[in-house]
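Encoded as structure tokens, the structure appears first; notes follow it.
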There are 2 protein chains.
Amino acid sequence: MGKAEDTKARIERAALVLFVARSVAETTTREIALAASIAEGTIYRHFPSKEQLALDLFLRHHRALAEALDEAQRPHPSLREKIEAIVRCYCDWADRDWTLFAYHLLNQHAFLARVPDDAPNPVAVVHNVIDRAMTAGEIPRRDVGLAAAAAIGVVLQPATYKVYGRFEGPLAAHTGFFADAAWAVLAVTEK
Amino acid sequence: MGKAEDTKARIERAALVLFVARSVAETTTREIALAASIAEGTIYRHFPSKEQLALDLFLRHHRALAEALDEAQRPHPSLREKIEAIVRCYCDWADRDWTLFAYHLLNQHAFLARVPDDAPNPVAVVHNVIDRAMTAGEIPRRDVGLAAAAAIGVVLQPATYKVYGRFEGPLAAHTGFFADAAWAVLAVTEK
DNA sequence: ATTAAATAAGTGAGCAATCGCTTATTTTCA
DNA sequence: TGAAAATAAGCGATTGCTCACTTATTTAAT
């Protein structure tokens, strides 16, 4: 890694940690520089603005997660297996870099509107998988967005509570339960 | 309502709308004053600081929601009925004042750590209900926090996506599905 | 009941501090 | 040696909050 690239990576990591501990708005460029052991002006050699740095961080992770989830589900034929693959991939992703994961989770409301329409999207991946399973008759047909949201919530809410400090240990420890529960949600038949 | 109380309420409502549209950090006291049609200094006759105003707003709603959920579930004997009552109460609460609901949802990570330990807590209500149902043998015994989080996610994730603008219409329209899905999550038996 | 005194509520110009970002200068290294 | 990278000082703008003052409401005294 060249020196410039190393500096850029240090800025990104320092910013990430501070953005999660406080928030983007409450983190100053001076703090980022101090944490990255560089001068404040150096940030602007690598990023046009603090907001763009925050957005870059979000979008890169957003796209990479979507691609990883899509690759994970693709080889499997049945919805049940796709769910397991997606859940496992998601938990591994979160455990591998928890700070980055937490940043992505806590700042969706700020950046989701700025994701390009054609960019890979984690929710769209799940949405498509569920839609095809409904068409194939694997699960009952209902509002896809609603079903996807509820199934995603089964995994995302525990993850959120781990960010809040309510849980310890790796998220992947509960992969089995998450997959079973997500499947149960999708298989619900209105009584 | 006295004049002073009316002013205080106007400040709170103006702040709430701006806090949701932007964020607490990105909303200025000048904007709040302008939106509430009062002088900036008047804010400080009613609140010691912008942060305390934001915290007051959060804590009051947090407590009221917890009490409403607890009252809703109390009269019902079975878990299945308690779930339905809690889901219905929660959806009605959200639909009744969506701005306040969105504010509470989007700022949990900022304020949850500042909730007094003995204060009523929406998650604790669900937690207790599930714990008792496990003890009574109504559902399989497993980590209560995890089961509660997953069940809550079934409702909260769709609600979050509605805040993001992915859904339209009242949340209460899906009460039946939410209750069925939450029940399905809790009834999951590890295979 | 009337007036005087006291308190509370409301105002808005302005302050000290801080912010994101720029620029002139120095260092690094191929 | 020249361009890229990093630095440190600093600029204009904005921020939360204060404060001296005015206006409205409540309490007390005659």
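Numbers restart at 1 for each chain; the letters A, B, ... are given by sequence-line order, proteins then strands. Heavy-atom basis, side chains included; hydrogens, waters and symmetry copies ignored.
The distance from atom CD of B:Glu51 to atom C1' of D:dT15 is 13 Å, rounded to the nearest whole Å. Rounding to whole angstrom units, CZ of residue B:Phe47 and P of D:dT18 are separated by 15 Å. Between the NZ atom of A:Lys50 and the C1' atom of C:dT22 there is a distance of 17 Å, rounded to whole Å. Remark: C1' of C:dA9 and CZ of B:Arg10 are 13 Å apart, rounded to the nearest angstrom. The interatomic distance linking B:Gln52 (CD) with D:dG16 (P) rounds to 16 Å, in whole Å. In this structure, A:Tyr44 places its OH atom 15 Å from P of D:dT7, rounding to the nearest Å. Put simply, CG on B:Leu53 is 14 Å from C1' on D:dC17, counting in whole angstrom units. Taking atom CZ of B:Arg45 as the reference point, atom C1' of D:dC21 lies 10 Å away to the nearest angstrom.
Listed by residue number, A:Thr27, A:Thr28 are the residues of residues 16-28 of chain A with a heavy-atom contact under 4.0 Å to DNA chain C. Scanning residues 30-41 of chain B for heavy-atom distances under 4.0 Å to DNA chain C yields B:Arg30, B:Ile38, B:Ala39, B:Gly41.
Remark: B:Lys8 qualifies as a cation-pi partner of B:Phe47 under the 6.0 Å distance and 45° angle criteria applied to the six-membered ring. Annotation: cation-pi geometry not satisfied between A:Lys162 and A:Phe101 (NZ/CZ under 6.0 angstrom from ring centroid, within 45° of ring axis).
Minimum interatomic distance between B:Val155 and B:Pro158 (heavy atoms only, all atoms of both residues): O-CD, 3.3 Å. Across all non-hydrogen atoms, the minimal contact from A:Arg10 to A:Ala36 is NH2-O, 2.8 Å. Residues B:Pro122 and B:Leu69 approach most closely at CB-CD1, 4.0 Å, considering heavy atoms.
Between A:His104 and the options A:Phe58, A:Phe19, A:Tyr90, A:Trp93, a ring-ring contact (aromatic ring centres under 6.0 Å, His included) holds for only A:Phe58. Screening B:Ile32, B:Leu57, B:Val17 for a side-chain contact (heavy atoms from CB on, under 4.5 Å) with B:Glu12, the sole residue that qualifies is B:Leu57.
Side-chain nitrogen and oxygen atoms of A:His46 include at least one within less than 4.0 Å of the OP1 or OP2 phosphate oxygen of D:dA6. An OP1 or OP2 oxygen of D:dT7 is reached within less than 4.0 angstrom by a side-chain nitrogen or oxygen of A:Thr42. Contact annotation: A:Thr7 side-chain N/O to D:dA5 OP1/OP2 distance is not under 4.0 Å.
Transitive grouping of hydrophobic side chains (ILVMFWY, heavy atoms separated by less than 4.5 Å) brings B:Leu105 and A:Leu106 into a common cluster.
One N or O on the side chain of B:Lys50 and one on the backbone of B:Thr27 form a donor-acceptor pair closer than 3.5 Å.
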